[in-house]
Amino acid sequence: MKKFALAALAALAMGTSVSAQSIEDFYAQPVRIGVHSAIGVSGTYGNEKALGNYREGSGYKEDYRDPFEGYFGLNASFGGIALVRINNLITFAPGANLFIKDYFKESEVWGIEVWDDYYNTYTTEPVDENMMIIGLSVPLMVRVNVAPQLYVEAGAQLNLNLMGSFTLDNSEYDYSEDLGDWKVETFGLAVNAGAGITIPYNGHFMEFGLRFSLDLTRMEADELILNPANESYRYPVETKGWHIQFVYNFFM
């Protein structure tokens with residue numbers, strides 16, 4: 001057992017040495033280009049109630065309500081990343097990505113009529129409300145290499161929101177209905193922080209990380225939010241988003 005333990009420790013030390021040397025080679029190159037992908041969850045903060053003429057059952061009611069109450073989000077981004085070596089400790093890591101942020105909840109006022117063969121009648125099935133943003137992001141991150149394979153990062157992110165949409169969906173019945181454009185703020189700013197690990201792999205390098213992003217800009221534009229599908233409306237809110245992402249980067 002003692003010999004086995006010593007052999008295991010020796011193998012681990014040798015593997016760590018080889019890995020550290022590979023990481024030294026990784027950071028020795030002044031600039032590296034890679035591909036980036038990430039997926040995660042999103043939420044909102046700074047929620048407030050908005051005055052509007054909301055649909056309620058078969059009629060409408062003018063009231064103050066939080067339009068993002070109960071929403072949960074998923075997000076994904078795909079693009080490229082560059083690593084610019086400043087010194088052995090610090091690396092500048094800019095990127096350019098296409099992103100999708102999809103907020104959804106089961107609707108309290110919308111539903112679809114479907115035929116029930118068992119009861120020979122129509123029944124109302126629930127649908128999900130989806131508020132989606134598609135755009136481009138430019139993260140400008142500064143990394144600190146706290147260990148040969150471990151980094152922590154922080155920085156700012158510029159967002160360009162290209163489009164917003166408001167839809168109803170029920171995947172079980174293959175139902176989708178477009179409720180019109182969601183007027184989103186065109187330009188946004190966020191702050192990011194995260195950490196990750198770099199792993200040599202067959203002459204290449206992979207990174208696995210976790211990143212938190214906090215939007216500093218409201219999600220929707222400062223103009224009346226109209227819903228042409230049911231002729232309801234509401235005033236905009238200052239609600240912002242937060243996002244947690246699991247990150248994967250690949251470098252040649």
Side-chain angles (χ1 to χ4, degrees), residues 6-42 73-101 133-162 186-217 241-252:
L6 291 174
L9 288 173
L12 179 61
M14 182 178 297
T16 303
S17 175
V18 171
S19 177
Q21 181 62 42
S22 300
I23 293 300
E24 289 177 4
D25 295 340
F26 176 67
Y27 285 110
Q29 186 168 317
V31 179
R32 282 190 180 273
I33 303 297
V35 294
H36 163 92
S37 62
I39 189 169
V41 297
S42 297
L74 297 176
N75 67 75
S77 63
F78 311 91
I81 181 174
L83 296 181
V84 182
R85 180 180 178 274
I86 306 301
N87 54 43
N88 291 336
L89 183 64
I90 298 175
T91 302
F92 178 49
N97 304 303
L98 173 69
F99 69 78
I100 300 172
K101 303 171 185 176
I133 305 175
I134 298 176
L136 301 173
S137 65
V138 180
L140 304 171
M141 308 298 292
V142 175
R143 291 184 174 188
V144 178
N145 307 312
V146 297
Q149 291 180 251
L150 178 66
Y151 68 86
V152 295
E153 61 176 5
Q157 179 171 291
L158 307 176
N159 295 324
L160 173 61
N161 298 320
L162 301 177
T186 303
F187 297 100
L189 178 66
V191 291
N192 299 342
I197 185 171
T198 306
I199 301 174
Y201 178 74
N202 286 344
H204 307 298
F205 297 90
M206 301 185 299
E207 290 184 339
F208 298 92
L210 189 68
R211 178 179 291 180
F212 176 75
S213 181
L214 186 71
D215 292 337
L216 303 181
T217 307
W242 59 260
H243 318 280
I244 297 175
Q245 291 187 319
F246 297 95
V247 177
Y248 173 76
N249 301 320
F250 182 82
F251 299 91
M252 299 298 291

Student: Of the non-hydrogen atoms in Ala96 and Pro139, which two are nearest, and what is the gap between them?
Tutor: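 In terms of heavy atoms, the two residues are closest at N-CD, 4.3 Å.
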
Student: With side chain to side chain contact (heavy atoms under 4.5 Å, CB included) as the criterion, how do Val35 and Phe78 come out once you've worked through the C-alpha distance, each side chain's angles and the decisive distance to 0.1 Å?
Tutor: CA-CA 8 Å; Val35 294; Phe78 311 91; over 6 Å; no

Student: For atom CZ of Phe208, decide whether the heavy atoms of other residues, nucleotides or ligands shown that lie under 6.0 angstrom number more than 12.
Tutor: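 Result for CZ/Phe208: enclosed.
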
Student: What are the two closest heavy atoms between Leu83 and Ala93, and how far apart are they?
Tutor: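 Closest approach of Leu83 to Ala93, heavy atoms only: CD2-CB, 3.7 Å.
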
Student: Going through the distances and angles, do Leu210 and Ile244 end up as a side chain to side chain contact (heavy atoms under 4.5 Å, CB included)?
Tutor: CA-CA 7 Å; Leu210 189 68; Ile244 297 175; 4.0 Å; yes

Student: Please give me the minimum heavy-atom distance between Trp242 and Leu214, naming the atom from each residue.
Tutor: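 Minimum heavy-atom separation between Trp242 and Leu214: CB-CD1, 3.9 Å.
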
Student: List the atom of Asn97, the atom of Gly80, and the distance in Å for their closest heavy-atom pair.
Tutor: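 Closest approach of Asn97 to Gly80: OD1-N, 3.6 Å.
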
Student: Using every non-hydrogen atom in the two residues, find where Leu98 and Gly135 come nearest and quote the distance to one decimal.
Tutor: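 For Leu98 versus Gly135, the nearest heavy atoms are CD1-O, 3.3 Å.
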
Student: Go through the steps to decide whether Thr91 and Tyr151 satisfy the test side chain to side chain contact (heavy atoms under 4.5 Å, CB included), and finish with yes or no.
Tutor: CA-CA 9 Å; Thr91 302; Tyr151 68 86; over 6 Å; no

Student: Work out which heavy atom in Ile33 is nearest to a heavy atom in Val31; give both atom names and the distance.
Tutor: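 Heavy-atom minimum between the residues: CD1-CG1, 4.2 Å.
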
Student: So, for His204 and Phe250, is the gap between ring centers shorter than 6.0 Å?
Tutor: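 Close enough - the centres of the two rings lie under 6.0 Å apart.
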
Student: Just by modelled atom types, is the Leu189 backbone N or O under 3.5 Å from a matching donor or acceptor in the Thr217 side chain?
Tutor: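 Indeed, once roles are kept as given, a pair shorter than 3.5 Å links the two residues.
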
Student: Can you confirm whether Ile90 sits close enough to Arg143 that some side-chain heavy atom of one is under 4.5 Å from a side-chain heavy atom of the other?
Tutor: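 A side-chain contact is absent here, since even the closest heavy-atom pair is not under 4.5 Å.
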
Student: Can a donor-acceptor pair be found between the side chains of Ser42 and Asn75 at a distance below 3.5 Å?
Tutor: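 There is such a pair between these side chains.
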
Student: Go through the side-chain N and O atoms of Thr198 and Glu207 and say whether any donor and acceptor fall under 3.5 Å apart.
Tutor: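 Thr198 vs Glu207: donor-acceptor pair found between side chains.
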
Student: Phe251 ring centre to Arg32 NZ or CZ under 6.0 Å, with the angle to the axis within 45°?
Tutor: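 Output no; distance or angle outside limits.
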
Student: Would you say that Arg85 contacts Gln29 through its side chain, given a criterion of any heavy-atom pair below 4.5 Å between the two side chains?
Tutor: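 Not touching, per the 4.5 Å side-chain cut-off.
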
Student: Hey, are Asn192 and Glu153 close enough side-chain-wise for a donor-acceptor pair under 3.5 Å?
Tutor: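 Result is no, nothing qualifies.
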
Student: Hey, does Met141 have a side-chain heavy atom less than 4.5 Å from the side chain of Arg211?
Tutor: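 Answer yes - side chains close enough.
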
Student: Assess the residue pair Leu89 and Val144 against the criterion (side chain to side chain contact (heavy atoms under 4.5 Å, CB included)); give the C-alpha distance rounded to whole Å, side-chain angles, the decisive distance to 0.1 Å, and a yes or no.
Tutor: CA-CA 6 Å; Leu89 183 64; Val144 178; 3.8 Å; yes

Student: Do Leu162 and Leu136 have side-chain heavy atoms sitting under 4.5 Å apart?
Tutor: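 Leu162 vs Leu136: side chains touch.
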
Student: Could you check whether any side-chain heavy atom of Met206 comes within less than 4.5 Å of a side-chain heavy atom of Tyr248, counting everything from C-beta outward?
Tutor: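 The answer is yes; the side chains approach within 4.5 Å.
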
Student: If you define the side chain from C-beta out and look only at heavy atoms, does anything of Ser77 sit under 4.5 Å from Gln245?
Tutor: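 The answer is yes, as the side chains (C-beta and beyond) meet within the 4.5 Å cut-off.
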
Student: Can you list the residues that meet the ring-ring contact (aromatic ring centres under 6.0 Å, His included) rule with Phe92, with sequence neighbours excluded?
Tutor: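 Once residues adjacent in sequence are excluded, Phe92 has no partner under the ring-ring contact (aromatic ring centres under 6.0 Å, His included) criterion.
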
Student: Got Leu74 and Val41 here, is their nearest side-chain heavy-atom distance under 4.5 Å?
Tutor: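 Counting from C-beta outward, Leu74 and Val41 do come under 4.5 Å.
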
Student: What pairs of residues pass the salt bridge (charged side-chain N to carboxylate O under 4.0 Å, His left out) test when at least one of them lies in residues 242-252, not counting sequence neighbours?
Tutor: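 For residues 242-252: none.
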
Student: Side-chain contact, heavy-atom cut-off 4.5 Å: Ile133 with Phe99?
Tutor: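 Side chain of Ile133 against side chain of Phe99, heavy atoms only: contact under 4.5 Å found.
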
